[in-house]
Amino acid sequence: MLTVKDLKIEFFDHELPEVAVKDVDFTIENGEILGIVGESGSGKSMTAMAIAGLLNRKDMTKSGVIDFDGTDILNSPRCKIREIQGKDIGFVFQDPLNSMNPVLKVGPQVEEAMRIRKKALNMSKEDMKKRALEIMKSVGLDDTERIYQAYPHQISGGQRQRAMIAAALVLKPKLLICDEPTTALDVTVQKKIIDVLKELNQKTGTSILFISHDLSVIKALCDKVVVMKDGLVVEEGSVRDIFENPSKEYTKQLIF
Amino acid sequence: MGKYIIKKFILLIITLIITSFVIFLIFELVPGDPVMDKLGTRATPEAVAALREKWGLNQPFLLRYFKFLLGIFTLDFGTSYTYGISVASLLKEKIIINLCMSLMALAIVILISFPLGVYTAKHTGGLSDKIISPLNQAAMSIPSFVLGLLITFLFGIVLRWFRPGGYVSYKTDFFGFLYYLIFPSFALAIPKIAMCIRLLKGNILEEASKDYSITAYARGNNTTGLLYRHVLKNAVMPTVTFIGMIAADMICSGIVIEQVFSVPGLGQILINSISTRDFPVVEAEVLMIALFIMVISFITDVIHVIIDPRVRI
């Protein structure tokens, strides 16, 4: 479903060009959960942003192939990528407080992906609200009516992240990209979010690209793992292979 | 919300009382005696005592302050020492002139800087940005009174859109009065417009690079949708605060500007009444200016509460 090949991202915002990501290859099949693990600065977030079509800065170059169900994400025009964003690819960011607009209520933010495509989807306000409440319930939010009407600062961190996942899932995307979605949360909430993602994957067959620096989270959730360091892929394979007999020194260091 | 506004309003009244006390105290402590100023140094002690009695200056300080405070709420500021008529009737027209001029300048600032700020933010690096930014820089660095002179020359003398010095009273022709005030208002507004554009543009760009904006992009928003649905509400808040602050400056710059345009506003009488120790007039004027500033900041506070749900307590 998603193929990344020879992905290279270079920045030109300083005097010397800076390679953020180089020679990254991997694929995600339908219903698969792929984890990318690596220390900060390893290029994992950049890769995720590139797949979601969110790298539009003018002072950088992107080369290689990101093929999402036949769409070339790297080279398609913005308007075409916009159709995919939110509909076929959902994105969940690290910090649920900063990734929600503080002055908008939670409900409209969950609904937004639908509202943008209101005409194409032919949905009324009531339909959208119904769908929003439904998806909010399915990610484990109780008291959905209250949260729908609340502002982001009025709900807890775990609720915010669930709401963000709901917002990403509202149009049943084929791929959900989670960029360190549990890092800003405490351990118990972290586990619950992982459970939500796992359940979602089993129930709906949504593929997940899960980025984390935390190996235990990756181990608990993913089928396959890509280990990255300094913008390069160090090792990739199934979770069992990587964890039981890592072949590269860096992976061993990460695990032990 | 209503509770918050009531709280702010009570706070406004308390601030007003404290300010009035400070103002009254300052003019109590200022050197110079209005009685001696009026009668001259050769006045007989009887005449001095009589005038003191007449102006109520031999009453204790707190009693006089209390009368002054009551006067604020009944808009009775006593009688001018110099002109012998009531301060309220002396200042009424001048206050209306300054108020109209400042409000008009504020309106101009809001009406021009918001659309332009949004536009330049949206087209950062484009041609319009390259034209507007240096113009901004220039407008910001020119003082209002110089702009006043330029406007008088260009629109008054060259284009003859108005007659310099030909002030029209609002009593005779209200629209003529407003029309005449447009020109000084622009002189007041232009530097502030430039500042607001810059502030707003900076804030929009800053908000547009925050996580929630990227999230909004990831949902398929285009730039326009992002700007109006997400960024603008967050980005206007510093500008609203700033506009509240420049309101104070409008009144003060207005005192200079009205000289340039020969508008019979507060400025001339303020200077005269300070030099003749006409304290009832000065106190009333300073209080009015303070009140204007307080009301504007009250309004910006209310706007904040309306825009930002986090302010509500």
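Quick note on labels: first sequence line is chain A, next is B, and so on, each numbered from 1.
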Residue from Gln154(A), Arg78(A), Arg115(A), Gln94(A) scoring the most non-hydrogen pairs under 4.5 Å with chain B is Arg78(A)
Taking heavy atoms only and a threshold strictly under 4.5 Å, list by residue number the residues of residues 158-168 of chain A that touch chain B; give 'none' if the list is empty.
-> Met164(A), Ala167(A)
Which residues share a ring pair (Phe, Tyr, Trp, His ring centres under 6.0 Å) with His123(B), sequence neighbours left out = Tyr119(B)
One should read off an interatomic distance between Ser213(B) OG and Leu54(A) CG, to the nearest 0.5 angstrom, of 11.5 Å
Distance col, row Ile116(A):CD1 vs Asn221(B):CG, nearest 0.5 angstrom, shows 3.5 Å
Under a 4.5 Å heavy-atom cutoff, which of Ile177(A), Leu171(A), Asn101(A) has the most pairs with chain B?
-> Asn101(A)
Identify which part of Ile84(A) has an atom lying under 4.5 Å from any heavy atom of chain B, answering side chain, backbone, both or neither.
-> neither
Flag yes if more than 12 heavy atoms outside Phe73(B) fall under 6.0 Å of its CZ atom; otherwise flag no.
-> yes
Could you check if a side-chain atom of Val103(A) sits within less than 4.5 angstrom of a side-chain atom of Met237(B), using non-hydrogen atoms only?
-> yes
From CZ (Phe93(A)) to OG1 (Thr215(B)), nearest 0.5 Å = 4.5 Å
Considering all heavy atoms of both residues, which atom of Pro309(B) and which atom of Pro102(A) are nearest to each other, and what is their separation?
-> CG-O, 3.6 Å
Taking atom CZ of Phe9(B) as the centre, does the number of heavy atoms from other residues, nucleotides or ligands within less than 6.0 Å exceed 12?
-> no
Which one, Gln109(A), Arg117(A), Lys87(A), Met49(A), leads in non-hydrogen pairs under 4.5 Å with chain B?
-> Gln109(A)
Of the listed Ser99(A), Ala113(A), Gly86(A), the one with the largest count of heavy-atom pairs under 4.5 Å with chain B is Ser99(A)
In Å and rounded to the nearest 0.5 Å, what is the CD to CZ distance from Glu111(A) to Arg219(B)?
-> 11.0 Å
Can you list the steps and then say if Asn222(B) with Arg82(A) is a side chain to side chain contact (heavy atoms under 4.5 Å, CB included)?
-> CA-CA 7 Å; Asn222(B) 56 14; Arg82(A) 254 197 356 250; 3.3 Å; yes
Option that, when pairs with chain A are counted at under 4.5 Å, heavy atom only, ranks first among Glu207(B), Lys233(B), His230(B) | His230(B)
Rounded to the nearest 0.5 Å, the OH atom of Tyr217(B) sits from the CG atom of Asn56(A) at a distance of 7.5 Å
